[in-house]
Amino acid sequence: MIKNVYFDLDGTLIDSAPSIITGLKLTLEKFGYDIPDFATLKKCVGPPFTYSFPNYLHVRDEDFKEAVATYRHYYDKEDGCLNADVFEGVEGLLVSLVKRGYCLFVCTSKPEPTARKILSHLGIDKYFTEICGATMDAKIDTKAQVINLCFERAPWHLKEETVLIGDTMFDVDGANQVGIKCIGITWGSGTRDDLYEHGAIEVFDYPDEVLDYIEGN
């Protein structure tokens with residue numbers, strides 16, 4: 001029986017793609033890199049920069065630290081992160097889950113202080129018992145590491161009673177590494193095929209479908 005629901009942030013709870021892509025473009029331009037196409041930039045919405053910067057944007061090792069700092073200055077210091085919206089139907093899903101007694105966590109590879117700032121700005125932090133994210137020093141960075149952080153903060157949560165909801169293969173892979181199930185959703189940046197290929201137990205197009213599945217399991 002599902003009792004605990006962990007939510008990815010970018011692409012699952014909120015549409016943060018516009019702000020993230022703007023920050024990436026500004027960063028790449030500053031360092032003289034070519035701007036890739038939109039599809040490539042959108043792949044960077046979700047995974048940690050330790051993966052997306054070298055693999056998708058081809059940022060060189062010697063530029064990585066300063067490039068991340070440049071991005072974070074725009075995104076955090078200049079409040080670029082606040083250019084985001086809650087996906088349609090998601091707040092209704094959160095309200096319904098809380099009313100039914102489920103314990104909700106945010107589980108994101110975004111730095112935790114930034115995640116808290118965004119969720120507070122959008123007014124949906126109140127639905128979550130805990131908000132867990134990456135550390136600024138990247139010691140906690142991957143989805144699996146953040147999921148483990150969730151269990152450290154709530155040691156009474158049982159893996160067989162916990163599910164992660166996410167929009168990319170990184171969410172599914174992280175859940176599989178820790179030993180919990182992952183529900184995939186298609187309103188973010190991932191694809192149905194990728195989510196199933198990496199082991200999502202189900203993939204849904206609408207928040208109401210997610211609620212029905214959780215209630216039935």
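Please read all numbers here as calculations on a predicted model, not as lab measurements. The figures that follow rest on heavy atoms only: side chains count, while hydrogens, waters and symmetry mates do not.
- Side-chain atoms of Thr22 come within 3.5 Å of backbone N or O of Pro18 as a donor-acceptor pair.
- Looking at Lys42, its side chain never comes within 3.5 Å of a backbone N or O of Gly190 through a donor-acceptor pair.
- Applying the 6.0 Å contact sphere to CZ of Phe64 captures more than 12 heavy atoms from other residues, nucleotides or ligands.
- Among residue pairs with one or both ends in residues 160-180, those qualifying as ring-ring contact (aromatic ring centres under 6.0 Å, His included) are Tyr51-Phe170; sequence neighbours excluded.
- Looking only at atom types and distance, the side chain of Thr162 has a donor-acceptor partner in the side chain of Asn4 under 3.5 Å away.
- Pairing each heavy atom of Leu195 with each of Gly184, the nearest pair is CD1-CA, 4.0 Å.
- In this structure, Phe105 has its ring center at least 6.0 angstrom away from the ring center of Tyr127.
- Counted within 6.0 Å of CG on Asp137, heavy atoms from surrounding residues, nucleotides or ligands total more than 12; the atom is thus considered enclosed.
- Salt-bridge formation is not detected for the pair Lys117/Asp76: no Lys NZ or Arg NE/NH1/NH2 atom is positioned less than 4.0 Å from an Asp or Glu carboxylate oxygen.
- Within 6.0 Å of the CD atom in Glu88, the count of heavy atoms belonging to other residues, nucleotides or ligands does not exceed 12.
- Pairing each heavy atom of Gly166 with each of Thr12, the nearest pair is CA-OG1, 3.5 Å.
- Counting heavy atoms from C-beta outward, Phe31 and Glu66 have side chains that approach closer than 4.5 Å.
- More than 12 heavy atoms of other residues, nucleotides or ligands sit less than 6.0 Å from atom CG of Asp37.
- You'll find the ring centres of Tyr71 and Phe49 inside the 6.0 Å limit.
- The two residues Ser19 and Tyr74 have their closest heavy-atom pair at O-CE2, 3.4 Å.
- With Glu215 contributing its side chain and Asp212 its backbone, the two residues share no donor-acceptor pair below 3.5 Å.
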Begin with the C-alpha distance, continue with both residues' side-chain angles, and end with the deciding distance and a verdict on ring-ring contact (aromatic ring centres under 6.0 Å, His included) for Tyr213 and Phe204. CA-CA 9 Å; Tyr213 179 87; Phe204 298 114; 5.7 Å; yes
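- Not a single salt bridge (Lys or Arg N to Asp or Glu O under 4.0 Å) links Asp167 to another residue, sequence neighbours left out.
- The existence of a salt bridge linking Lys110 and Asp10 is confirmed by a sub-4.0 Å separation between a basic side-chain nitrogen and an acidic carboxylate oxygen.
- In this structure Glu130 satisfies the salt bridge (Lys or Arg N to Asp or Glu O under 4.0 Å) test together with Arg116, Arg153, sequence neighbours excluded.
- Judged by distance alone, the side chain of Ser109 and the main-chain N or O of Pro48 form no donor-acceptor pair under 3.5 Å.
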